[in-house]
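Worth saying up front: this structure is predicted, and the values here are computed from it rather than measured.
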Amino acid sequence: MDPRSLIIALALGACAGPDPRVHDAIASPSPRPGATRVAMDIVNRAGHGTIEIRIELRGAGRVIVAERTLELDDKQTVHFETDIETPPGSFTVRATAQYPD
């Protein structure tokens with residue numbers, strides 16, 4: 001491999017940004033009226049940067065989608081909570097996190 005190609009490949013790898021994974025996402029009643037609290041653990045496996053979190057709540061005959069952003073450091077794990085406006089009812093949650101390209 002050409003030394004210049006190797007340097008470029010290493011530089012691009014170093015700038016790859018976060019590699020986030022969502023674990024244990026749960027939805028529960030919020031202390032705030034008209035909202036559902038969503039809590040999750042986010043594990044960043046590599047890199048520093050701002051990630052996008054997409055949250056889908058399903059229940060009460062609806063699908064409610066919310067997006068949040070969060071800055072993570074390299075190899076950081078955080079517990080993240082947010083309140084999302086919802087009608088009364090119980091909801092199941094699906095959450096994903098990604099580093100935007």
For Glu81, salt bridge (Lys or Arg N to Asp or Glu O under 4.0 Å) partners two or more places apart: Arg37
Residues forming a salt bridge (Lys or Arg N to Asp or Glu O under 4.0 Å) with Arg94, sequence neighbours excluded: none
Flag side-chain contact, heavy atom, 4.5 Å: Leu57 against Val63: no
Leu72 side chain reached by Val78 side chain, heavy atoms, under 4.5 Å: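 Side chain of Val78 against side chain of Leu72, heavy atoms only: contact under 4.5 Å found.
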Short side-chain donor-acceptor distance under 3.5 Å, His48 and Gln76: no
Pair Thr96-Arg54, side chain to side chain donor-acceptor pair (under 3.5 Å): steps then yes or no: CA-CA 5 Å; Thr96 58; Arg54 179 179 167 88; 5.5 Å; no
Main-chain N/O of Ala46 paired with Lys75 side-chain donor or acceptor, under 3.5 Å: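 Side chain of Lys75 to backbone of Ala46: no pair is present.
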Test item: Asn44 side-chain N/O and Asp73 main-chain N/O as donor-acceptor pair under 3.5 Å: yes
Arg32, CZ atom: more than 12 neighbouring heavy atoms under 6.0 Å: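 Yes, the 6.0 Å shell around CZ holds more than 12 heavy atoms from other groups.
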Which pair of non-hydrogen atoms, one from [X] and one from [Y], has the smallest distance, and what is that distance?
{"X": "Ala35", "Y": "Thr86", "result": "C-OG1, 3.6 Å"}
{"X": "Thr36", "Y": "Ser28", "result": "CG2-O, 3.4 Å"}
{"X": "Ala60", "Y": "Pro87", "result": "CB-CG, 4.4 Å"}
{"X": "Tyr99", "Y": "Pro18", "result": "CD1-CD, 3.1 Å"}

Residue of the set Val93, Val65, Ile64 for which side-chain contact (heavy atoms from CB on, under 4.5 Å) holds with Ile84: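 Going through Val93, Val65, Ile64 one by one, the side-chain contact (heavy atoms from CB on, under 4.5 Å) with Ile84 is satisfied by Ile64 alone.
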Among Asp24, Ile55, Thr82, Ile26, the one residue meeting side-chain contact (heavy atoms from CB on, under 4.5 Å) with Met40: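 By the side-chain contact (heavy atoms from CB on, under 4.5 Å) criterion, Met40 pairs with just one of Asp24, Ile55, Thr82, Ile26: Ile55.
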Among His79, Arg21, His23, side-chain hydrogen bond (donor to acceptor under 3.5 Å, both in side chains) partner for Asp41: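 So the option named by the test is His79.
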Cluster overlap Val43 with Ile53, hydrophobic side-chain contacts below 4.5 Å: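 Different clusters.
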